[in-house]
Every structure is written in C-alpha cells, then in structure tokens.
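Remarks on the structure that follows.
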Amino acid sequence: MPGSNARALEKARTLPADALVLDLEDAVAPDVKVEARAQVLAAVRAGGYGQREIVVRVNALGTPWSRDDLAAAAAAGADAVLLPKVESAETVSAALGALGSAPAVWCMLETPRGILNAPSIAAASPRVSALVMGTSDLTKDLHARARPERLPLLTSLQLCVLAARAAGITALDGVHLDLDDEAGFTAACRQAADFGFDGKTLIHPRQVAIANEVFAPAASDLDWARRVIAAHADAVAHGRGVVVLDGRLIENLHVDDSRRVLALADAIAQRQAG
C-alpha cells in the first residue's frame, strides 16, 4: 500500500490479507517521502488493522531517507520492516543497528548478488523472518525476458525457497504486474505454491482472494492429510512397520507434512474467525 495514499492505508484495514506492506520506497515519489513517512507512522500507531501483520518497506540503505524510515518504523511499533535490494548479510546488520531491538526484518532479493547470497542473508540474524522475491528488478538485472511461465527466474525462485527453508523462515514470491491477467496471476500463484513458497506479494486488492485460495490447503488436501495421519496411527497401534494408503507408501515424512497442512488450515480458520 503506497505510504503517500491515505485512502489506501485506510482501505488496508478491511482487506483479507495476512500482511500489509506500507510502502515508503518505490510507490512514493521522492518529493513526498517525508510526508509519506509521517502518514505511515500515524497509521501504524492508530492501529485498527486487526491480526494483519504490519510491515513497513523502507528506502534502501544509503538513500537520504533510510535511517529515518527505520527509526520511524521501529518507533511506530510495526511488526517488521521490509529491506529492499538486500545483497549481503552486512546490509541486514547495518539495518539492525539503526532499528534497535525491534521489529523483525524481511529481506527483498531482487538482484543477482542478493540471490547468490540468499543463504547468508537468511541466516544473518534471528530477526530475519522472511525472504521476499523482487522478480521485476531481478528480471531487469538478469537481462532476461519476461515470460508467462517465468522460466528465466526458476533458478532464482528455487534458491530463495532453499535459503528460507534452510533458515526456517518464510519465503514469499514476487508480484504479478498485469492486473487484467487473472489466468496468468493464478498460474503464477500455483507455480509458487508448487515450489514451496508460503505466499505471494500483491499489488492490488483484487488479487487477494485468488492468492488466499491457491496458497490455502484445499478440501482434498485436508482430507488426505487426515487419512494419512489416521492410517499411520493405526499401523503403529497394530505393530505394522509398513503403511500403504490408496496404493501409496506412507512414511513419517508424509505424516509430518500432513500435520503441517492441518496446522496451516487451523491457523487460517483462526485468522478468519478473528
């Protein structure tokens, strides 16, 4: 949500999104960045965003606004700051020095150097809680061609997920810029979910419903997860070392993943109830 747009900041309080990124960087023109910072600071302090995680995207370190952005985000009580164009663990350390003891840090990977350093960035601090793909800038820096199937980005996307999983943090896919391409957006969400991303960053409220549907477990997923857990429990109770369900071998890893799927569904239900 553009930090300079008061109407957008107000509308954000009604969106069924898990997290809201209040933007002070690309969505804000240089001549209104100070005004936007004050507006975001006031909005975060005013609250009213419910259980949504509030994230402030600051301007990149080295710009005239970054230090004041970081201080404002920390003072306002944001849940996290989103650092753009992170290329090394040193960038994270520098930002943490300006932030103090709170909040958490999300890191955008949007350059080749950032992608190649993803493991060290993800492990830079226990306060790093998410890696966020910046696919538009990355495509430009790679001199790649934007393709619906995103073939030029597949290695980068997978490296992001690998780094996030190794560090035990969240991985978020990048934005889809064509608001009229619902089919393409849906396909990109499904591709990201297949890769293991936890969610997708969005640029318009109309994209929220599709993303929520794709990244949430389907009814068939929940049914299978419950059956896997039940079949495994029955096998253990009767001393059977091999579990086969609908012709498929079930191992402990499948039980663990089924529990993760059910826990995700429970978390979504609790969020919706709240």
Side-chain angles (χ1 to χ4, degrees), residues 1-13 15 17-49 52-111 113-114 117-118 120-122 124-138 140-141 169-170 172 174-175 201-204:
M1 316 299 290
S4 56
N5 188 331
R7 182 182 175 188
L9 297 179
E10 180 62 31
K11 184 178 179 60
R13 292 182 167 92
L15 298 178
D18 297 303
L20 302 169
V21 178
L22 311 185
D23 193 17
L24 298 176
E25 196 214 14
D26 284 348
V28 178
D31 59 343
V32 295
K33 284 189 181 290
V34 174
E35 175 187 340
R37 183 194 302 133
Q39 191 160 259
V40 166
L41 181 67
V44 176
R45 282 178 167 165
Y49 291 102
R52 300 168 187 84
E53 192 168 357
I54 303 302
V55 183
V56 177
R57 180 163 76 162
V58 300
N59 287 282
L61 291 182
T63 65
W65 311 282
S66 61
R67 293 286 174 177
D68 289 338
D69 287 349
L70 290 165
D79 296 303
V81 296
L82 176 56
L83 302 178
K85 298 178 177 62
V86 178
E87 294 191 323
S88 68
E90 288 73 22
T91 300
V92 178
S93 298
L96 290 175
L99 278 172
S101 60
V105 173
W106 292 13
C107 297
M108 288 199 72
L109 306 181
E110 45 190 334
T111 67
R113 190 183 299 275
N117 287 332
S120 61
I121 292 169
S125 166
R127 286 170 60 185
V128 175
S129 60
L131 298 181
V132 183
M133 285 297 303
T135 47
S136 298
D137 281 287
L138 182 60
K140 182 261 295 180
D141 282 4
I169 63 176
T170 296
L172 299 175
V175 300
T201 49
L202 314 176
I203 59 171
H204 196 278

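Just so it is clear, the structure is predicted and the values come from calculations on it, not from any experiment.
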Val92 and Ile121, any side-chain heavy atoms less than 4.5 Å apart: yes

Salt bridge (charged side-chain N to carboxylate O under 4.0 Å, His left out) partners of residues 69-84, not counting sequence neighbours, each pair once: Arg37-Asp69

Partners passing salt bridge (charged side-chain N to carboxylate O under 4.0 Å, His left out) against Lys85 (at least two apart in sequence or in another chain): Glu25

Atom of Ala118, atom of Leu131 and distance for their closest heavy-atom approach: O-CD1, 4.4 Å

Shortest non-hydrogen contact from Ile169 toward Ala122: CD1-CB, 3.9 Å

Worked verdict on Arg57 versus Asp26 for side chain to side chain contact (heavy atoms under 4.5 Å, CB included): CA-CA 9 Å; Arg57 180 163 76 162; Asp26 284 348; 3.5 Å; yes

Leu82/Met108 under side chain to side chain contact (heavy atoms under 4.5 Å, CB included): CA gap, chis, key distance, verdict: CA-CA 7 Å; Leu82 176 56; Met108 288 199 72; 3.3 Å; yes

Closest approach of Val40 to Gly3 (non-hydrogen atoms, all atoms of both residues): CG2-CA, 3.5 Å

Atom of Ala98, atom of Arg67 and distance for their closest heavy-atom approach: CB-NH1, 3.1 Å

Sidechain-backbone polar pair: Arg45 side chain, Gly77 backbone, donor-acceptor under 3.5 Å: no

Among Thr91, Val132, Leu61, Val128, side chain to side chain contact (heavy atoms under 4.5 Å, CB included) partner for Val86: Thr91

Ser129: partners by side chain to side chain donor-acceptor pair (under 3.5 Å), with sequence neighbours left out: Trp106

Counterpart residues, side chain to side chain donor-acceptor pair (under 3.5 Å), relative to Glu53 (two or more places apart): none

For Arg13, side chain to side chain contact (heavy atoms under 4.5 Å, CB included) partners two or more places apart: Glu10, Ala43, Ala46, Tyr49

Derivation of the side chain to side chain contact (heavy atoms under 4.5 Å, CB included) call for Val105 and Ser125: CA-CA 9 Å; Val105 173; Ser125 166; over 6 Å; no

Summary of side-chain hydrogen bond (donor to acceptor under 3.5 Å, both in side chains) pairs that have at least one residue in residues 95-104, sequence neighbours excluded: none

Side chain to side chain contact (heavy atoms under 4.5 Å, CB included) partner of Leu20, chosen from Leu9, Val56, Ile54: Ile54

Sequence-distant partners of Lys140, side chain to side chain contact (heavy atoms under 4.5 Å, CB included), two or more places apart: Asp137

By salt bridge (charged side-chain N to carboxylate O under 4.0 Å, His left out) - contacts of Glu35 (at least two apart): none

Point-to-point distance, once rounded to the nearest 0.5 Å, from CG of Leu24 to CG of Leu70: 10.0 Å

Considering all heavy atoms, the nearest Ala95-Leu83 contact: CB-CD1, 3.6 Å

Residues that Ser4 engages under side chain to side chain contact (heavy atoms under 4.5 Å, CB included), provided they are two or more places apart: Pro2, Val28, Val32, Ala36

Partner set under side chain to side chain donor-acceptor pair (under 3.5 Å) for Thr111, not counting sequence neighbours: Glu87

Exercise: identify the closest heavy-atom pair between Ala76 and Val44: O-CG1, 3.5 Å

Spacing of CG belonging to Asp23 relative to CD1 belonging to Ile203, to within rounding of 0.5 Å: 12.0 Å

Contacts of type side chain to side chain contact (heavy atoms under 4.5 Å, CB included), residue Ser136, not counting sequence neighbours: Val175, Leu177

Asn59 side-chain N/O to Thr63 backbone N/O, donor-acceptor pair under 3.5 Å: no

